[in-house]
Amino acid sequence: MHILILGGTTEARALAGLLHGESDVRVTSSLAGRVASPRLPAGEVRIGGFGGADGLAAWLREHAVDAVIDATHPFAERISFNAARAAASAHVPLLALRRPGWVPVAGDDWHSVASLEEAAGALDGLGDRVFLTTGRMGLAAFADRPEWFLVRSVDAPDAPMPARTEVLLDRGPFTLDGERELLARHRIGVLVTKDSGGAATAPKLTAAREAGIPVVVVRRPPVPEGVPVAATPEEAAAWVATRLPEYRVR
């Protein structure tokens, strides 16, 4: 049995670990290759794109894939829709593994937006020192903003970017004490982030709430219509067992 995991996330690595090593199961994790030194999961790994939905469908047929699990980042919208098209074309079952999104609590000052462009526009009047944690791509949406930006990403960001920018290369998980210190040291007035969910980068939200800092949150895109969703690697492994009765995860 061959399982393809579209990965690159903590949940994808955990799922590969759950499935790898089971008898008669082959696990292949596919990484987009956008991170220079990715954390590799257990099992086979391929790096790079498939050439769109048609290329992925052809790969599924060529490699006799029995099920696909889309465990990409919640904002990897293109690959998720390509996966849905490819799985339907190749008649292969598909599951989306998505960590739950963040939920505001008492004391939060969140400003929900639908895109990075809306996030840039929402900065008016919120603060002149911005902590931008939306990843290394998409900074062009903020290129014309007058504020000072602290941009945190795993790899160096792509141009164009805001004229007044300091880049901080770092990888989570992050601690609450560390986020508190960072906000204070850089005199941050507003935080901009995507609703990626998960615990690894959530401490910044707590630190912002404690400091009374507003947060601009970019809403995540929807999962393609008709694709079932699991919230945890364990749920995804259980789906494999249920959907493919000849295989049972121990």
Side-chain angles (χ1 to χ4, degrees), residues 1-22 24-99 101 115 135-138 154-155 158 194 196-198 220-247 249:
M1 178 175 300
H2 190 187
I3 308 296
L4 174 65
I5 301 174
L6 302 176
T9 60
T10 301
E11 291 77 14
R13 290 191 295 274
L15 177 60
L18 287 174
L19 299 180
H20 179 64
E22 296 291 337
D24 301 322
V25 176
R26 176 187 174 194
V27 179
T28 300
S29 294
S30 177
L31 308 181
R34 292 176 176 171
V35 176
S37 300
R39 294 172 177 169
L40 298 180
E44 300 177 32
V45 177
R46 70 174 302 279
I47 297 178
F50 292 94
D54 292 340
L56 176 53
W59 198 94
L60 297 178
R61 297 187 188 99
E62 179 183 353
H63 293 84
V65 172
D66 296 290
V68 180
I69 300 178
D70 172 15
T72 57
H73 192 277
F75 283 83
E77 187 173 12
R78 179 177 297 179
I79 184 59
S80 293
F81 278 88
N82 283 346
R85 287 179 53 200
S89 174
H91 304 288
V92 173
L94 169 68
L95 175 75
L97 172 55
R98 293 289 186 272
R99 70 188 77 143
S115 66
R136 68 183 180 89
M137 295 182 292
V154 176
D155 293 319
D158 300 327
K194 292 178 177 178
S196 57
R220 59 175 61 178
V223 171
E225 185 175 357
V227 177
V229 179
T232 67
E234 290 76 17
E235 287 183 19
W239 175 85
V240 171
T242 301
R243 186 61 180 79
L244 305 170
E246 66 271 26
Y247 170 53
V249 179

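Note that the numbering runs from 1 along the sequence shown for the chain.
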Using distance alone, with no hydrogens and no angle criterion, decide if [X] and [Y] have a side-chain donor and acceptor under 3.5 Å apart.
X     : Y     : answer
Ser80 : Arg98 : yes
Thr28 : His2  : yes
Arg99 : Thr9  : no

Which distance, rounded to the nearest 0.5 Å, do you find between the [atom1] of [X] and the [atom2] of [Y]?
X      : Y     : atom1 : atom2 : answer
Glu235 : Leu15 : CD    : CG    : 11.5 Å
Ser30  : Leu4  : OG    : CG    : 6.0 Å
Arg39  : Arg13 : CZ    : CZ    : 5.5 Å

Go through the steps to decide whether Arg61 and Ser89 satisfy the test side chain to side chain donor-acceptor pair (under 3.5 Å), and finish with yes or no.
CA-CA 10 Å; Arg61 297 187 188 99; Ser89 174; 2.8 Å; yes

Look only at the side chain of His63 and the backbone of Val65, and say whether a donor-acceptor pair between them is shorter than 3.5 Å.
no

More than 12 heavy atoms of other residues, nucleotides or ligands under 6.0 Å from CZ of Arg85: is that the case?
no

Could you report the tightest heavy-atom contact between [X] and [Y], atom names first, then the distance?
X      : Y      : result
Leu18  : Ala237 : CD1-CB, 4.2 Å
Asn82  : Leu56  : O-CD2, 4.2 Å
Pro221 : Phe75  : CD-CD2, 3.6 Å

What orientation do Phe50 and Trp59 show, parallel under 30°, tilted 30 to 60°, or perpendicular over 60°?
perpendicular

